[in-house]
Amino acid sequence: MSSIELKPTDRRLKGDLSVPGDKSISHRSVIFSALAEGTSVITNFLTGEDCLRTVEAFRLMGVNIEQEGNKITVHGKGISHLSEPSQPINFGNSGTTARLMSGVLAGLPLFTTVYGDESLSKRPMDRVIQPLRMMGAEIHGREGDSLLPLAFRGKKLAGTRHELTVKSAQVKSALLLAGLLAEGETEVIELGETRNHTEMLLPEFGVDLHVEGRSIKIRGGQKPSASNIKVPGDISSAAFFLVAASIVPGSELVIRDVGLNPTRDGIVKALIDMGANIEVQVHTHIGSEPVGDIVVRHSRLNGMTLEGELIPNVIDEIPILALAATQAEGETIIKDAEELRYKETDRIEAVVETLSKLGADIQAREDGMVIQGGTPLNGGTIDSYGDHRIGMMGAIASLICDKEVIVKNKECINISYPSFFEDLNQVLN
Ligand code: S3P
C-alpha cells in the first residue's frame, strides 16, 4: 500500500483537460462486443482496473481481445461460441463486472465460479441473484447465496417481468442481459430512473429494446452484431475537476468531450444549483450519448438539499459533492442516499470520517449526511479505504488545506482513473 503526500499549494486549476473514457460505457461496450459476432473496435476505452476485469472475464471465456493503449479490439464469435472458463474468474473490486456478468453467466450453458477482493466480497449480490432465479437461474454463493464467491450453473432462462425494488442500473442491466439470452420476452420495470447506458448502447449492437417510461422490454434470442464505439469522457471523473475548479480561487478550466447523458449529469445540475459558474456545450453525439465541453470557473457556493429522484443520477459524485459543500455558505443536506452504504466502502461513513479528519463539520445520517459549510480545512492523514472515489476526494481536498494531506492507500485510484495525478498536475498552475 502506498501513500501520497500533498503539500499545501496556492496553485489554481487552469487550461484544458480531457478525462478518461466512461467506466459504465466501457464495461458495456466490451460485454456487448464479446457477445456479438464479428470484430468491434472500442476507442477511448477506460483502461482502469475495473474495466480490465470485464475484459479478462471474456478472455477466460475464449474471446480474443486485443489492447493497444486505450483502444480495444474484440473479436466476438457470438454467444454460442463462448467457452467454459477453466479457472475461477476474478472480478477484483468491480461491482459493475459482478452484477452485469451475473446476468450473462446465468444464461449461458456453462459452469463458472467468480470471486472478488475484500470489498467486492462484502457487496450485496442478492439484488441480482433473486430476480435471476425467477428466470430459472441456478446460482450459489456465501451467506445464503448473497455474497461472492458465486458459482453459476448456467442454463436456458425464461423471459420474466421484473418490478425492481432497488434503484440500480447494475441490476437493471444484469436482467436485460439475462433477458437477451432467455427464451421469450423480459420486462424490467424500474423503481426510479437510473443511468440508461445499456438501453442506449444495445441498439448500437443491433439489439432491439422497447423503452416506455420506466418499463424496458427485451426479446430473448436476438444476436448482437459487432459495432465500433468511441467512449465519451467519464462525467464521474470530470466531477473531481468540476469541484476543484469551483472551490480553488482563480481557477478556470475547460473539460473536453465529457459524456452528458441526462441520467448522469446530476453533478452539473447540483453544482449549478449551489451557484457554481459552469457552462455546458453539447457539441456532438456518440451513438445516442450526448457529448460536450464543460467550462468551470471558481465561484461562491451555497448549501443545498440533495434528495429524491436526483440521487441515483449523482450517486458516484456524492463524495466530491460533500467536499464542495464544506466550502459552501450554509448547510447542505444529502438524503435518500442509503445506497451509498453498499458501494466500494460504506461511503456515508468514509466521507464523514475523511472530511471530519480534515476539519469539516459533517454528520452522518442513516440515508446521507449533513454538512455545515464555510469551514476551512486543515490537512492531516486520511485513508482511501481502498475506495477510488474517496482517495480522489482526499487529493482534491488537499488543494484547499492549509497543511499537508497524506492520502494512504492511493493505488486504488487506478480502478477508475489511472492518470488522475498526472491530469491534476497538468492543470495546476
Ligand atoms: C453503475 C451503476 C451504479 C454506479 C456504478 C456503476 C453501472 O451502481 O454506482 O459505479 O455502470 O451500471 P448501481 O446500479 O448499483 O447504483
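Sequential numbering from 1 along the given sequence is applied to the chain's residues. Here the structure is a predicted model, which means the values were calculated and not measured.
The closest side-chain donor-acceptor pair between His27 and Asp50, if any, does not fall under 3.5 angstrom. Looking at His81 and Glu37, their side chains never bring a donor and an acceptor atom within 3.5 Å of each other. A side-chain donor-acceptor contact under 3.5 Å links His388 and Ser416.
Ion pairing between Arg214 and Glu309 holds under the 4.0 Å rule for side-chain N and carboxylate O. Between Glu56 and Arg59, at least one side-chain N (NZ, or NE/NH1/NH2) sits under 4.0 Å from a carboxylate O, which counts as a salt bridge. Glu404 and Lys7 are joined by a salt bridge, as a carboxylate oxygen and a charged side-chain nitrogen come within less than 4.0 angstrom of each other. Of the charged side-chain nitrogens involved, none lies within less than 4.0 Å of a carboxylate oxygen, so that Glu339 and Lys167 do not count as a salt-bridged pair. Between Glu329 and Arg300 there is a salt bridge, since at least one side-chain N of the basic residue sits less than 4.0 Å from a carboxylate O of the acidic one. Checked for salt-bridge contact, Lys122 and Glu118 meet the test: a charged N lies under 4.0 Å from a carboxylate O. Ion pairing between Arg161 and Glu187 holds under the 4.0 Å rule for side-chain N and carboxylate O.
The CG atom of Asp361 lies 9.5 Å from the CD1 atom of Ile371; values are rounded to the nearest 0.5 Å.
By the side chain to side chain contact (heavy atoms under 4.5 Å, CB included) test, Asn70 pairs with Asn44, Thr47, sequence neighbours left out. Here Ser173 pairs with Arg28, Thr198 under the side chain to side chain donor-acceptor pair (under 3.5 Å) rule; sequence neighbours left out. For Asp10, the salt bridge (charged side-chain N to carboxylate O under 4.0 Å, His left out) criterion is met by no residue, not counting sequence neighbours. Every residue two or more places apart in sequence or in another chain that forms a ring-ring contact (aromatic ring centres under 6.0 Å, His included) with Phe205 is listed here: Phe32. Among residues two or more places apart in sequence or in another chain, the side chain to side chain donor-acceptor pair (under 3.5 Å) test is passed with Asp117 by Asn93.
In this structure, the side chains of Lys223 and Ile79 stay at 4.5 Å or more apart for every pair of heavy atoms. Residues Lys343 and Ile315 are in side-chain contact: their nearest non-hydrogen atoms beyond the backbone lie under 4.5 Å apart. The shortest side-chain heavy-atom distance between Val114 and Thr97 does not fall under the 4.5 Å cut-off.
When atom types are taken as modelled, the side chain of Asn277 and the backbone of Val296 share no donor-acceptor pair closer than 3.5 angstrom. Panel note: side chain Gln327, backbone Thr375; a donor-acceptor pair is recorded below 3.5 Å. In this structure a side-chain-to-backbone donor-acceptor pair under 3.5 Å is present from Ser227 to Glu204. With hydrogens and angles ignored, the 3.5 Å screen pairs a side-chain donor or acceptor of Asp346 with a backbone N or O of Glu349.
The heavy-atom pair separating Asn429 from Gln426 by the smallest distance is ND2-O, 4.3 Å. Nearest heavy atom pair, residue Val231 against residue Ser29, reads CG2-OG, 4.3 Å.
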Can I get a per-line list of side-chain donor-acceptor pairs under 3.5 Å for residues 362-369, giving both atom names and the distance, sequence neighbours left out?
{"unit_1": "Asp367", "atom_1": "OD2", "unit_2": "Asp336", "atom_2": "N", "d": "2.9"}

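Other residues, nucleotides and ligands place no more than 12 heavy atoms under 6.0 Å from the OH atom of Tyr342.
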What's the verdict on side-chain hydrogen bond (donor to acceptor under 3.5 Å, both in side chains) for Glu289 and Asn261, showing C-alpha distance, side-chain angles and the deciding distance?
CA-CA 6 Å; Glu289 300 274 355; Asn261 180 313; 2.9 Å; yes
Steps toward salt bridge (Lys or Arg N to Asp or Glu O under 4.0 Å) verdict (Lys217, Glu212)
CA-CA 9 Å; Lys217 290 182 183 155; Glu212 207 180 318; 5.8 Å; no
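Exactly one residue among Arg195, Lys230, Arg264 makes a salt bridge (Lys or Arg N to Asp or Glu O under 4.0 Å) with Asp22. That residue is Arg264.
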